[in-house]
Amino acid sequence: MSADAVHAGAWAGLVWALRRDLRLAARSAAEVLVVLGFFFVAVTLFPLGVGPDPRVLRLIGAGVIWVCAMLACLMSLARLFAADFADGTLEQMLLSEMPFGAIVCGKIGAHWLTTGWPLMLCTPLVGVQFGLDVTEVGVLLLTLALGTPVLSLIGGIMAALTLGLRGTGALLALLLLPLYVPVLIFGVGAVDAYSAGLGIEGQLSILGAELIVALVGAPLAAAAAVRIAID
Amino acid sequence: MAASIDAGIGAGLEVRGMHCERGQRVLIDALDFDVPAGSVLTVVGPNGSGKTTLLRALAGLTQARVRRVAWRRVPIALRSAAWRAQLAYVGHQPGHKDELTAAENLELACVLQGGPAEPADRSRVLDEMGLAARSQLQVKRLSQGQKQRLALARLALSQRSLWLLDEPAAALDVQARDLLATIVARHIARGGTALIATHDPIDLPGARSAQLCLGLAGALPPAAMHAPAEVLAAARSDVR
Amino acid sequence: MAWIYRYASPATFYPVAGVLAPWFMAAAALLAGLGLYIGLIAAPTDFQQGDAYRIIYVHVPAAWMSMLIYIVMAIYAVLYLTFNTRLSAMMMNALAPTGAMFTFLALWTGALWGRPTWGTYWVWDARLTSELILLFLYFGFMALNAAIEDARRADKAAALVAIVGVVNVPIIYFSVQWWNTLHQGASVSMTASPKMASIMLSGMLVMGLAAWMYAIGAALKRVQTIIVEREVGADWLRRHLGDNAQVGRVA
């Protein structure tokens with residue numbers, strides 16, 4: 001096969017998986033909404049836990065939103081490959097001529113569009129709950145835009161590795177959350193720096209760099225992980 | 001793609017020195033077999049004898065050590081894209097999404113199989129499988145047998161030349177078994193090749209077929225191309 | 001290359017590990033004795049921190065080993081996935097508990113040192129925090145390994161986790177350090193003062209060497225156990241253990 005053909009196959013695989021998973025998500029919209037509901041409830045618990053002092057809430061706002069976004073992402077990741085594994089469609093994808101890494105990439109893209117993206121849409125609302133002002137919410141959205149795709153990408157690897165195991169949820173959390181630490185630190189760090197009147201280019205560049213590394217490495221690692229899991 | 005089915009003359013699949021393990025157990029050791037183009041190899045053997053493992057290993061889903069695999073006399077690797085382009089596989093799970101309709105599932109599968117199937121082809125095949133009236137229903141509303149028929153529809157539309165079928169008749173009624181036989185016979189007549197793992201061999205009048213028996217003590221050397229009736233008898237007596 | 005494959009076979013390596021392990025353990029004991037003598041008796045009391053500083057003779061080598069062992073595990077993981085040598089996977093698995101133990105030791109001694117020095121058992125110091133995350137990485141590795149029943153799948157999955165982890169360790173370390181300086185300002189750092197007396201340094205190096213020897217010895221012992229577990233039906237193992245049993249009876 002020529003390089004062009006491989007290229008075309010990869011693109012076709014990515015688009016195929018992306019459209020398929022988005023159509024599936026549209027058919028079971030409840031699943032997307034449940035994740036958003038979880039996000040709202042979890043965020044709401046923090047003011048109840050630490051008290052309604054606006055200064056404290058404003059201080060912890062960005063951090064709370066980021067942590068809850070990570071947990072919401074984690075919840076939805078368990079199903080990324082599990083449903084396809086259970087009904088046998090994952091095997092059919094592995095047997096396609098289209099590169100499996102590209103198909104995985106499409107699935108991860110669909111995961112972000114049905115998790116990270118809706119979470120971003122809800123963020124202004126919860127930002128208000130924590131007394132963040134408009135520009136701070138803007139910075140937070142910028143960090144979420146760069147950071148949540150990284151969550152889906154790294155999450156894809158670990159979701160594939162825990163495929164079909166007992167107690168997947170807790171195991172996935174143990175494997176994944178430590179790897180999310182840098183995204184959390186720089187995502188929240190940018191908002192904090194902005195509030196303190198400092199520049200945020202550094203944090204955003206690092207988040208961007210992480211996104212590029214994850215985009216290059218994670219789909220292939222996730223594809224390898226699926227092969228290991230299905231063996 | 002369609003032209004290449006007829007390209008190989010006589011030569012089909014050649015496997016030498018295949019070795020598979022599951023956990024600590026050796027299921028298949030030093031297995032040699034051939035499946036000429038335009039013929040069926042039925043894989044029989046008691047439960048746990050490695051029929052599924054054999055098919056999954058050939059499909060590249062399970063790792064196996066193989067000394068040599070050749071397809072139309074050209075050595076190939078079991079996990080290469082060129083090899084996958086030859087394969088159609090039906091496993092224990094039918095491989096449909098419950099939330100999508102039968103027609104949608106078939107459309108997605110056709111893209112995945114690299115087939116150029118037109119909408120007209122798809123509705124013709126759905127009709128042939130007796131699913132025309134249900135093509136707009138979500139698959140979760142179909143019965144187990146109807147799901148299996150949908151898998152047959154996918155197979156019928158496949159342009160791949162080597163079919164790996166794992167218990168394809170498990171949930172099928174008599175009519176659907178006839179459909180399965182028809183599809184496989186058509187595939188063989190076009191010069192295609194099929195490996196079918198089953199407890200219950202399908203009648204394929206007029207098709208060249210052979211049986212491979214797994215899991216018998218002392219194996220029957222060489223494993224390839226036994227006279228069907230007696231090998232099957234041996235397999236069954238072993239089960240008892 | 002052939003000799004590598006010969007020694008990479010569990011059957012060949014099993015007796016070799018059995019012979020080597022006691023020597024490494026003995027060396028570890030000797031070096032630890034010497035290191036503790038230098039550290040606790042020969043080395044002078046620090047004029048700033050008093051005797052509390054002496055915990056660095058355990059803390060620093062443990063912290064070194066915690067990171068080194070994770071890197072070595074990742075190297076074995078790459079070897080395993082590239083050459084499919086089962087022994088590499090076994091070594092990787094054998095090292096994980098030792099690595100986790102050293103990580104825990106580093107955290108514990110860090111807390112014990114923090115109490116008299118900082119007045120609290122735990123501070124969100126950059127090194128302590130990244131050490132804690134490293135401990136989570138070890139736990140994740142071992143938990144995944146334990147959750148998968150099929151040994152070969154467990155090996156491959158764990159190898160991938162080790163590789164993904166090792167790519168992330170520097171990023172995590174760097175991010176935690178950056179986060180720490182942002183939030184803490186100039187906190188007391190755990191690094192010893194730059195003009196450390198040479199006797200202190202030599203004590204630490206000897207203890208570091210002891211930790212190396214212990215890690216190798218423990219990994220060899222554990223890899224023997226793993227080989228026995230995995231190869232339980234193999235002829236060579238039955239022959240080997242059978243011979244030994246006979247020798248035991250004669251003696």
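Scope of the values below: all heavy atoms of this structure, side chains included, with no hydrogens, waters or symmetry mates.
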Take L112(B) and L95(A) through the side-chain contact (heavy atoms from CB on, under 4.5 Å) test and state the conclusion after the steps.
CA-CA 8 Å; L112(B) 206 57; L95(A) 287 169; over 6 Å; no

Pair E104(B), R23(A) - check side-chain contact (heavy atoms from CB on, under 4.5 Å), show working.
CA-CA 10 Å; E104(B) 285 172 324; R23(A) 197 191 289 181; 3.2 Å; yes

Working for side-chain contact (heavy atoms from CB on, under 4.5 Å), residues E97(A) and Q113(B)
CA-CA 7 Å; E97(A) 284 160 87; Q113(B) 291 175 342; over 6 Å; no

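Taking OG of S96(A) as the start and CZ of R84(B) as the end, the distance is 7.0 Å to the nearest 0.5 Å. Separating the CG atom in L108(B) from the CE atom in M93(A) is a distance of 9.0 Å, to the nearest 0.5 Å. If you take CZ on R227(A) and CG on L61(B), they are separated by 8.0 Å, rounding to the nearest 0.5 Å.
Put simply, the side chain of E91(A) reaches to within 4.5 Å of the side chain of R56(B), judged on heavy atoms. Two residues are said to be in side-chain contact when any heavy atoms from C-beta on lie closer than 4.5 Å; D87(A) and Q93(B) fail this criterion.
If you measure heavy-atom distances from Q63(B) to chain A, the contacts under 4.5 Å come from both the backbone and the side chain. No part of A17(A) comes within reach of chain B, as not one of its non-hydrogen atoms sits under 4.5 angstrom from that chain. For I103(A), the part sitting under 4.5 Å from any heavy atom of chain B is the side chain, from C-beta outward, and nothing else.
By the 6.0 Å contact criterion, CZ on R68(B) is enclosed, its count of non-hydrogen atoms from other residues, nucleotides or ligands being greater than 12. Open room surrounds CZ on R19(A); 12 or fewer heavy atoms of other groups in view lie less than 6.0 Å from it. In the displayed structure, R122(B) atom CZ is contacted under 6.0 Å by more than 12 heavy atoms of other residues, nucleotides or ligands.
Closest non-hydrogen pair, Q92(A) versus Y89(B), comes out as NE2-O, 2.8 Å. Of all heavy-atom pairs spanning D231(A) and R79(B), the tightest one is OD2-NH2, 4.5 Å.
Using a cutoff of 4.0 Å between basic side-chain nitrogens and carboxylate oxygens, K97(B) and D21(A) are not scored as salt-bridged. A salt bridge is absent between E107(B) and R20(A): the closest approach of a Lys/Arg side-chain nitrogen to an acidic carboxylate oxygen does not fall below 4.0 angstrom.
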